[in-house]
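Reviewing the structure listed below.
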Amino acid sequence: MVIYHFDFGSQREFIPVYLQAMKNTLLLSVVSVVLATIVGIIAGLARTSKRPFIAWPVAVYIEVIRGTPLLLQIMIFYFGIGPIINLPAWTAAILSLTLFAGAYVAEIVRAGIQSINRGQTEAALSLGLSHVQTMRFVILPQALRRILPPLAGQFISLIKDSSLVSVLAISELVYTARKINTRTLKSLEGYVIVGAIYFVMTFSLSRLAGYLERRSSPSD
Amino acid sequence: MTSPAHAVTASHTDGAGALASPMPDTIIRVENVHKHFGKLHVLQGVSFEVNKGDVMVLIGPSGSGKSTLLRCMNGLEVIQNGQILIDGIPVHDRRTNLPALRQRLGMVFQQFNLFPHLTALQNITLAPVRAKKMPQREAEELGLQLLKRVGLAEKAGAHPGQLSGGQQQRVAIARALAMQPEVMMFDEPTSALDPEMINEVLDVMKGLARGGMTMVVVSHEMGFAREVASRVMFMDGGKIVETGTPDEVFNRPQQARTQAFLSKIL
């Protein structure tokens, strides 16, 4: 039986590289989550539409994305669609993460909207507000409060999922760890370090989400 | 149906006569309305009219279609047959601008349905500002005036969660009034209230009725009906069984079903 001997001494010189990788992972996640929120709100609203030609294509999008592995989506995006429209790896990475998280956000938004009592819509409509005004001033403000906690959970997942774009040779955390491991002839140290970095990021975010949730709940 | 010829004749009589018996001015006309929920035939050929200034109280056992009828009248429910005209405008016609029509019909719900994320005052000003494009300042003045009228001037900044049921329902009435509707519809406005809060809501409604507001009220409050209704309509099994003045319906009901219902609740 071979016991692995950790040796972090050789890692010191790579601290700036790890920090740069962390910045890249954060950038990927933040940009994707912002775009995914926009995609998700639009798709979530469309999903609740009574018109089949709006609701149906969105339902297909959500089911296909949620029913296939993200790794596969990233590769199809980059190797399949990338060459046709000349997509740089970074753009392909952000787009596939956005479409992926967008499908989950859409379901969160749909559930949030549908959790608002039907009486709210009826009261708003009976006052003479249009459907769009009802959504914008009555339903969405209430739904967003309920959406916030699961949305934070989705953001946390996205930080972890962004590791999959390492297959596109983007210098985010996992790709960087692999490279450093190769350079230092170690098989675990880099992975342990980026694992710790991921945990620090996701744990702080989940604490922040918990705080926001506690702060927004007693107001109504 | 009022014939145009008749209307002309009436307008030609002298002023005093016209005032003494003004022409009934129909605001709501319900014609042979049928409504199904799946296999359930909820409204089975309902027809009646509401004239300006009427206070029509709808009574009947639960499941008789009263609330559904009210909800059909402002287009919250579709109908399968017949038509409903508000001031001559068909509610269920695709070409009808429903939001504009609904601005003329106030609606108060059993469960109040105040917007929990807005204050009492914001609940009232939302529709005037957004749907009627009333300036914010003007809407707030109107809102405060209406809150005063329902006895809640000091609650302008309160959220619905901080108000009692009776207070919430009074805010809901003020909210509907803020659109300056021609008709106010009430769907069992006191059924969800604790007994001690019923009167504060009924008092506001009585005040409205005395002020000449046209009202259609679904209610189990027979005292209210006796006191302010100009007409009482008894519904059962999706049909109108009997209509008359409160005195006629309560004291001399003609139909066996009306008698049976009244004997149970009075």
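Naming convention: chains lettered A, B, ... in sequence-line order (proteins, then strands); numbering from 1 in each chain.
Atom NE2 of His117(B) is separated from atom CZ of Phe137(A) by 10.0 Å, given to the nearest 0.5 angstrom. Rounding to the nearest 0.5 Å places CZ of Arg118(A) at 7.5 Å from CG of Leu76(B). The CG atom of Leu118(B) sits 7.5 Å away from the CD atom of Gln142(A) when rounded to the nearest 0.5 Å. Remark: Ser126(A) OG to Met185(B) CE distance equals 8.0 Å, nearest 0.5 Å.
Both the backbone and the side chain of Arg175(B) come within contact range of chain A, each with at least one heavy atom under 4.5 Å from a heavy atom of that chain. Heavy atoms closer than 4.5 Å to chain A are found nowhere in Leu101(B), neither backbone nor side chain.
Listed by first and then second residue, the salt bridge (charged side-chain N to carboxylate O under 4.0 Å, His left out) pairs involving residues 99-115 of chain A are Arg47(A)-Glu107(A), Arg66(A)-Glu107(A), Glu107(A)-Arg110(A) (not counting sequence neighbours).
Residues Ala123(A) and Phe115(B) come closest through the heavy atom pair CB-CE2, 4.0 Å. Residue Gly128(A) comes nearest to Ala131(B) through the heavy atom pair O-CB, 3.6 Å, listed as atom of the first residue, atom of the second, then distance.
Summarising the local packing, CZ of Arg149(B) is surrounded by 12 or fewer heavy atoms from other residues, nucleotides or ligands at distances under 6.0 Å. With a 6.0 Å radius and a threshold of 12 heavy atoms from other residues, nucleotides or ligands, Lys50(A) has its NZ atom at or below the threshold. At most 12 heavy atoms of other shown residues, nucleotides or ligands fall within 6.0 angstrom of atom NE2 in His131(A).
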| request: For side-chain contact (heavy atoms from CB on, under 4.5 Å), just list the numbers for Arg102(B) and Leu125(A), CA-CA rounded to whole Å, side-chain angles, deciding distance to a tenth of an Å, and then say yes or no. | output: CA-CA 8 Å; Arg102(B) 283 172 175 149; Leu125(A) 291 178; 3.7 Å; yes
| said: Assess the residue pair Leu129(A) and Leu126(B) against the criterion (side-chain contact (heavy atoms from CB on, under 4.5 Å)); give the C-alpha distance rounded to whole Å, side-chain angles, the decisive distance to 0.1 Å, and a yes or no. | reply: CA-CA 9 Å; Leu129(A) 294 171; Leu126(B) 178 69; 3.9 Å; yes
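No side-chain heavy atom of Pro99(B) sits under 4.5 Å from any side-chain heavy atom of Gln133(A). Counting only heavy atoms from C-beta outward, the side chains of Met107(B) and Glu122(A) never approach each other to under 4.5 Å.
Here Lys179(A) pairs with nothing under the salt bridge (charged side-chain N to carboxylate O under 4.0 Å, His left out) rule; sequence neighbours left out.
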